[in-house]
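Worksheet: one structure, shown below.
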Amino acid sequence: MSTTPGTVVAAPAARAAGPPARAALLRALAPLVAVAISLAIGAIFIAAIGEDPIAIYALMLRESLGTGYGIGQTLFKATPLVFTGLAVALGFRAGLFNIGVEGQLYLGGFAAALAGLALSGWPAPLALTLTIAAAAAAGAAWGAIPGVLKARFGAHEVINTIMLNFVAAALVSYLGRPHFEPATVRTAELAARVHLPRLEMLLPALRGSPANLSLAIALATAAAVGALLFRTRLGYELRAVGLNAPAAACGGVAVGRVQAVAMALSGAIAGLGGVNFVLGYKHFFELGFTAGAGFLGIAVALIGRNHPLGVVAAALFFGALSYGGLVINQRVPKELVEALQGIVILLAISAHDVLDRIARRMR
Amino acid sequence: MTLAENLILGLQHMRALGPGPFLDPAKLEARARGLLSEFDVRPAEPAYRAAQLSGGNQQKLIAARELSRGARAVLAAHPTRGVDLGAIAFLHARLLAERDAGRGVLLVSSELSEILALSDRVLVLYEGRVVHEARPAATDERALGLHMTGRGAAERA
């Protein structure tokens with residue numbers, strides 16, 4: 001019997017090589033498992049109101065992904081969710097829960113409209129660039145407030161971001177009034193030079209759908225967030241703060257500064273989301289245009305595991321669910337889709353923990 | 001974070017790790033491979049996470065990270081707790097090498113044998129104050145233990 005030191009230590013190393021890969025795969029599957037179970041529970045609801053679940057789901061799938069127009073609608077609905085999901089995910093990575101994405105998105109759209117109106121006489125590329133930048137800047141400013149309050153005074157960002165949503169809504173109502181068309185709650189139409197072109201101009205298959213170039217900005221933003229998080233010194237410090245702030249501080253990270261920067265960046269991404277509606281779709285700002293896209297961003301980030309690729313996938317899923325929900329509106333109540341969203345979120349959180357425990361046991 | 005990322009904490013602004021604001025994953029990995037094998041961390045896989053390592057290997061990982069930073073002084077608190085015998089000998093040799101390289105090492109440990117084996121000077125704290133100082137050759141575990149209870153002076157008198 002040969003028990004050389006070599007074999008003794010080699011054994012655990014060899015055993016360790018397999019499971020982490022399998023465990024990682026299991027963890028990555030959590031969102032898919034959650035979605036599958038949610039659809040099953042949704043099917044029970046549909047059956048309970050006397051409709052055929054399979055027919056309803058088939059209709060949703062066909063209408064949201066089966067036609068060029070449907071795909072365009074899904075992409076359009078997914079676009080703001082990519083932005084808001086990325087905004088929430090970036091905050092989470094730094095250990096910050098930005099619930100203020102709704103307000104940052106709202107202010108971003110408002111700033112884009114004001115800038116678009118003010119710059120209507122400027123050369124087109126410059127006017128469009130500055131209008132988009134205004135959306136990001138407004139969101140950044142609104143995100144920086146709770147960020148600085150957290151960094152300076154330790155004020156909890158959850159409370160402050162929730163509160164600032166209300167302040168943003170009131171502020172926009174107040175500041176917007178002089179710019180609104182008579183007897184409406186919307187601004188005048190923006191000049192064509194600050195419109196973002198629709199994707200149907202490039203892809204005729206999407207004809208009639210409001211999907212627009214904002215989607216390209218959204219995907220570019222996702223790539224930029226990925227590069228920031230995983231390829232830069234700032235992203236490294238941001239993740240270090242999120243994982244273990246005291247350890248990061250020991251490693252020379254200025255924790256407060258990183259938190260403030262993360263919140264400002266998160267707000268900037270959220271604000272950028274406003275261009276989808278204002279520059280790409282309606283070409284004016286309207287009170288309440290966000291319609292909860294900011295809050296849904298929290299779900300998108302959770303399902304997307306705070307990874308840019310996951311966020312894009314989750315946004316597409318919620319976009320399809322959202323448009324599919326409109327399609328089946330006549331046969332099942334629209335609350336069904338809202339309930340489905342809620343169940344997906346609940347299960348995504350719990351499925352992650354359950355699969356995590358299984359993954360641990362595998363080791 | 002991966003072991004490669006974990007190993008650069010505190011060095012994230014070092015020029016050699018990437019151009020401008022960027023960190024180069026290949027450089028992080030190369031650095032990690034060197035340190036993991038030098039400090040005998042098993043498995044020596046830069047893509048692993050620290051949570052996947054055993055306690056002793058986590059200790060060696062931290063030693064690798066902190067001793068590779070080029071600090072002028074090292075504060076080692078219970079550096080060998082939970083570490084197997086072979087690794088203890090290795091860590092002891094590394095700490096002595098730090099001393100020999102002219103760096104100050106402050107070792108805090110509940111293992112008196114470790115303190116006696118490694119130290120040039122031993123200080124005993126009791127209720128927040130230094131109550132005793134000795135050369136390892138001139139003291140033993142029993143004497144140190146008495147001082148740790150605050151009764152060392154009374155015993156001698």
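What you see is a predicted model; the values in this text were computed from it and never measured. Atoms considered below: every heavy atom in the structure, side chains included; atoms not considered: hydrogens, waters and symmetry mates. Letters A, B, ... mirror the listed sequences (proteins, then strands); counts begin at 1.
In this structure, the salt bridge (Lys or Arg N to Asp or Glu O under 4.0 Å) partners of B/Glu38, at least two apart in sequence or on a different chain, are B/Arg94.
Considering all non-hydrogen atoms of both residues, B/His13 and A/Glu237 come closest at NE2-OE2, 2.7 Å. The two residues B/Asn6 and A/Tyr236 make their nearest non-hydrogen contact at O-OH, 4.2 Å.
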For residues 241-249 of chain A, which side-chain N or O atoms pair as donor and acceptor with protein atoms under 3.5 Å away, sequence neighbours left out?
unit_1	atom_1	unit_2	atom_2	d
A/Asn244	OD1	A/Ala247	N	3.2

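The contact list for residues 23-36 of chain B toward chain A, using heavy atoms and a distance under 4.5 Å, reads B/Leu23, B/Pro25 by residue number. At a heavy-atom cut-off of under 4.5 Å, chain A is reached by no residue from residues 105-120 of chain B.
Judged purely by atom type and a 3.5 angstrom limit, A/Arg233 uses its side chain to pair as donor or acceptor with the backbone of B/Gly18.
When heavy atoms are compared at a cutoff of 4.5 Å, B/Arg49 does not approach chain A at all.
In this structure, CD in B/Gln12 is found 10.5 Å from CG in A/Leu234, a value given to the nearest 0.5 Å.
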